[in-house]
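Report on the following structure.
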Amino acid sequence: MIYADNKVTDVKIAYIGGGSRGWAWTFMTDLAMDEALSGTIRLYDIDEAAAKNNEKIGKRLSARQDAVGKWDYVTCPTLESALTGCDFVVISILPGTFDEMQSDVHLPERLGTYQSVGDTAGPGGIIRALRTIPVFVEIGEAIKKYAPTSWVINYTNPMSLCVKTLYHVFPEIKAFGCCHEVFGTQKVLRGICEETYGIQGIDRRDIHVNVLGINHFTWFDKASWKGIDLFPMYREFIEKHYDEGWNDPDKNWANSTFNCAHRVKFDLFKRYGLIAAAGDRHLAEFMPGGQYLKDPETVTGWKYGLTTVAWRKEDLARRLERSHRLASGEEEIELNPTGEEGILLIKALCGLTRVISNVNIPNTALQSPSLPAGAVVETNAVFSRDAIQPVVAGVIPEPVRALILPHVENHERTLQAALTCDRSLVYEAFLHDPLIKGRASDEESIKLADDMISNTLRYLPEGWK
């Protein structure tokens, strides 16, 4: 990297999962819109043809006059060639296919266990982790060998376990996980604030929050805007609008699997006094299964949706078609801000700015003193030149801590299960998961675990067979 005139050039970024037909284009968009950074993106993917397609898309985008951030895109055939000498590593992958995800999400329904996402918590999150952890072991070992001083940014779910695996393999690694769920809750607070005070144009980043918890089960115990404590405003809004929730005019919950009316957030605030700071679809999966995910009718009553893998398969077909249009020039990427902060964090780590943002890293500094030091937690941190310094988040109230701990404990069980191919630890994780616990017999839960493992065997190490 070369620093001069408040710009950094010759930045080398290895993108693992560089054949992505979605998030990669978001990344390219943000890079193209920032003139302070330039360099080379090394695309690595087990689907090399997909990476080559993105190479074409990236080169076309960078050549445009309206793209102020200039990057070269190169497909790399191996992890070694992608990683050697790189400054940053971005990981955004999907181990397995949507066929495996079909089993992750829908097979537990035979026991009355419904999942609204299926990639982080619940039985789907556990089995997805069994596929993902061995890949992250390989990636972590390669980073240790070829790029030990690089900064590693993970976007892959299950977030906590991916980051935990990287540090298990290479304790000195400089890795962190990025997630935009907190941003979504800041936007909800911004919208309520604008409506309450009759103010327009509030910047989401000016909603200052203290972040507690673990990825996709995050909480705010403080939230303010320009000196105004937003908790009384939030409480009053919930009292008036508890039944209908908060409806983003651009994201009607009834028209998309992925949107919600934030009624689960509102209910959790009434029960625990903290602002639950992830999307309702994620939050529901961390709670006991008889509450927000009892059955499809209950889900509809809370005004959010269940994941439908069939929709994801149809969407993938649409993305494949778009990928070809973008590569051929039939369609152009629109340069509009994406709302992600990854590029801003890279700029901070390069020394161009200083940023406070939420981040997923191990709790070794006890930034979350209520949780074990071995847990991967989500809190705020200060990003500056070649450094991430976690902000002490403070104590999590005991009722909320009691909700988080079973998942932290399951992270350890699941990691060890994946590393040792130990089915008994998977059984323990299933029996301790709040979505399953008390909803079926132990025998039924163990049989479900075996069947779900069988459905993903082709992506698991030999020890599982």
Side-chain angles (χ1 to χ4, degrees), residues 1 10-20 23-24 27 39-52 54-55 58 71-97 128-178 342 345-346 349-350 359-362 364 376 386 388 411 414-421 456 458-464:
M1 294 189 298
D10 196 30
V11 181
K12 300 177 183 67
I13 301 178
Y15 184 172
I16 300 173
S20 158
W23 195 86
F27 189 57
T40 303
I41 309 297
R42 301 171 178 176
L43 302 169
Y44 171 77
D45 201 295
I46 57 172
D47 184 348
E48 190 170 341
K52 285 186 176 296
N54 276 347
E55 178 184 323
W71 293 83
D72 189 21
Y73 288 82
V74 179
T75 300
C76 293
T78 64
L79 275 174
E80 178 181 358
S81 59
L83 291 170
T84 302
C86 71
D87 304 299
F88 294 91
V89 182
V90 172
I91 311 173
S92 177
I93 64 173
L94 174 66
T97 70
R128 182 185 176 111
L130 296 185
R131 289 195 301 275
T132 309
I133 288 169
V135 180
F136 269 70
V137 168
E138 179 184 354
I139 292 170
E141 289 174 342
I143 291 169
K144 181 179 181 179
K145 185 174 183 180
Y146 302 117
T149 62
S150 64
W151 280 100
V152 182
I153 311 171
N154 178 59
Y155 286 94
T156 305
N157 288 324
M159 173 67 73
S160 299
L161 271 165
C162 290
V163 175
K164 191 176 179 70
T165 302
L166 291 174
Y167 277 90
H168 174 83
V169 172
F170 180 20
E172 294 78 26
I173 199 170
K174 299 189 298 186
F176 61 98
C178 281
L345 301 182
I346 289 174
L349 292 169
C350 288
V359 66
N360 292 272
I361 53 177
T364 47
V376 170
D386 202 29
I388 299 176
H411 290 164
T414 305
L415 175 62
Q416 293 304 321
L419 295 173
T420 61
C421 304
T456 201
R458 65 184 176 135
Y459 288 100
L460 299 183
E462 285 295 323
W464 289 102

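Quick note: numbers below take in every heavy atom, side chains included, and nothing from hydrogens, waters or symmetry partners.
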Close side-chain approach of [X] and [Y], heavy atoms under 4.5 Å:
X	Y	value
Ile93	Phe136	yes
Thr97	Arg458	yes
Lys144	Val169	no
Ile388	Trp151	yes
Cys350	Phe88	yes
Phe176	Leu349	yes
Cys178	Leu345	yes
Asn54	Phe27	no

How close do [X] and [Y] get, heavy atom to heavy atom, and via which atoms?
X	Y	result
Val89	Ser150	CG2-OG, 3.6 Å
Ala129	Thr414	CB-CG2, 3.7 Å
Val376	Ser160	CG2-O, 3.7 Å
Leu43	Ala51	CD1-O, 3.5 Å
Asp45	Gly18	OD2-N, 3.6 Å
Tyr44	Ala82	CB-CB, 3.9 Å

N/O donor-acceptor pair under 3.5 Å between [X] side chain and [Y] backbone:
X	Y	value
Lys12	Gly39	no
Arg131	Tyr459	no
Arg42	Ala14	no
Tyr146	Cys86	no
Ser20	Gly17	no

Please work out which of the three classes, parallel, tilted or perpendicular, describes the rings of Tyr15 and Trp23, given edges at 30° and 60°.
->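 Plane angle over 60°, so perpendicular.
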Out of curiosity, [X] [atom1] to [Y] [atom2], how far, rounded to the nearest 0.5 Å?
X	Y	atom1	atom2	value
Thr156	Leu161	OG1	CG	12.5 Å
Ile41	Glu55	CD1	CD	12.0 Å
Ile173	Ile361	CD1	CD1	13.0 Å
Asn360	Cys162	CG	SG	10.5 Å
Thr420	Trp464	OG1	CH2	7.0 Å
Thr149	Glu172	OG1	CD	12.5 Å

Any chance you could lay out the side-chain contact (heavy atoms from CB on, under 4.5 Å) test for Leu130 and Thr456, step after step, and finish with the verdict?
-> CA-CA 9 Å; Leu130 296 185; Thr456 201; 5.6 Å; no
Evaluation steps, side-chain contact (heavy atoms from CB on, under 4.5 Å), between Ile153 and Ile346 = CA-CA 9 Å; Ile153 311 171; Ile346 289 174; 3.7 Å; yes
Under the side-chain contact (heavy atoms from CB on, under 4.5 Å) criterion, do Lys174 and Ile143 qualify, and how do the steps go?
-> CA-CA 10 Å; Lys174 299 189 298 186; Ile143 291 169; over 6 Å; no
